[in-house]
Amino acid sequence: MPGQKNTIYIKNLSEKVRHEELKKSLYAIFSQFGTILDIVVSKTVKMQGRAFIVFKEVESAVNAFKAKQGFEVFEKPMRIEYAKTDSDVILKQKRPHLEKPKKTRTPSTRDDDIPKRMKKETHRLPGGPTAEEPPNHILFLANLPDETSDLMLSMLFKQYAGFKEVRMVPNRPDIAFVEYENPLQAGTAKDALQGFKITPTNATKISFAKK
DNA sequence: AGCACA
């Protein structure tokens with residue numbers, strides 16, 4: 001399809017959120033669609049409330065585009081388009097033998113919180129012939145990065161039916177509890193979000209909370 | 001109908 005690109009251009013993002021937090025949140029939302037090569041949140045006035053998410057595969061960008069159109073982040077629905085030009089990372093990838101003509105960029109000044117490459121998470125579907133009722137309606141999250149906020153988590157988990165609330169634990173930024181109305185709904189969210197990353201280094205481990 | 005790339 002014409003117009004489809006590796007990079008999606010997002011507008012109508014909140015201008016009140018620090019761009020590092022915005023970036024983490026976008027990473028958390030979009031990493032499920034495939035390898036993210038870069039996220040650019042520019043700080044110039046003209047570019048406020050806009051971001052570019054660069055996927056390794058066009059297909060990932062297409063799925064993200066469809067799935068998250070209008071999805072609310074920090075109270076505002078994202079407006080997603082395809083970028084009109086390819087990102088530098090993509091150009092580099094397409095013509096590896098060519099040097100960039102002008103825009104040079106030193107590795108030391110690059111953001112280092114987006115991985116060079118990232119394995120796509122494969123989520124196993126629940127059930128099988130012997131599916132049984134999950135043991136709890138509360139999920140236990142572990143291996144969260146320090147900067148995780150309850151807002152980021154609720155953004156992700158409220159996408160699934162029956163969501164009630166997120167509870168962070170004082171002095172334990174790495175864990176959290178997420179409550180659903182019933183165990184089945186908790187199980188759906190668990191399977192959908194298993195291994196999601198808020199930062200490239202931390203794949204979240206989701207299990208049912210112990211009773 | 002605001003398109004970057006410290």
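Chain identifiers are assigned alphabetically (A, B, ...) following the order of the sequence lines, protein sequences preceding nucleic acid strands; residue numbering begins at 1 within each chain.
At whole-Å resolution of the value, CD1 in I8(A) and P in dC3(B) are 17 Å apart. If you measure from atom CG of L26(A) to atom P of dC5(B), you get 17 Å, rounded to the nearest angstrom. Rounded to whole angstrom, the span from the NZ atom of K84(A) across to the P atom of dA4(B) amounts to 8 Å. In this structure, the NZ atom of K43(A) is 9 Å from the P atom of dA6(B), given to the nearest Å. Computed from coordinates, the F55(A) CZ to dC5(B) P distance equals 20 Å when rounded to whole Å. Atom CD1 of I39(A) and atom P of dC5(B) are 16 Å apart (whole Å). L91(A) places its CG atom 14 Å from the P atom of dA4(B), with the value rounded to the nearest Å. Between the OH atom of Y82(A) and the P atom of dC3(B) there is a distance of 19 Å, given to the nearest Å.
Listed by chain and residue number, K11(A) satisfy the side chain to side chain donor-acceptor pair (under 3.5 Å) test with E81(A) (two or more places apart in sequence, or in another chain). A search for side chain to side chain donor-acceptor pair (under 3.5 Å) contacts involving S87(A) returns T7(A), not counting sequence neighbours.
Stacking between F52(A) and the base of dC5(B) is absent under the criterion of ring centres within 5.5 Å and planes under 30 degrees.
Of the residues F65(A), F30(A), F52(A), the one that meets the side-chain contact (heavy atoms from CB on, under 4.5 Å) test with I10(A) is F30(A).
In this structure, E21(A) and F74(A) have side chains that are in contact, with non-hydrogen atoms separated by less than 4.5 Å.
The base of dA4(B) sits with one of its N or O atoms less than 3.5 Å from a complementary donor or acceptor on the side chain of S87(A).
Using a 4.0 Å heavy-atom criterion, one finds that N12(A) contacts no nucleic acid atom at all.
Taking the nucleotide of DNA chain B with the nearest heavy atom to each of G49(A) and T44(A), the more 5' of the two is matched to G49(A).
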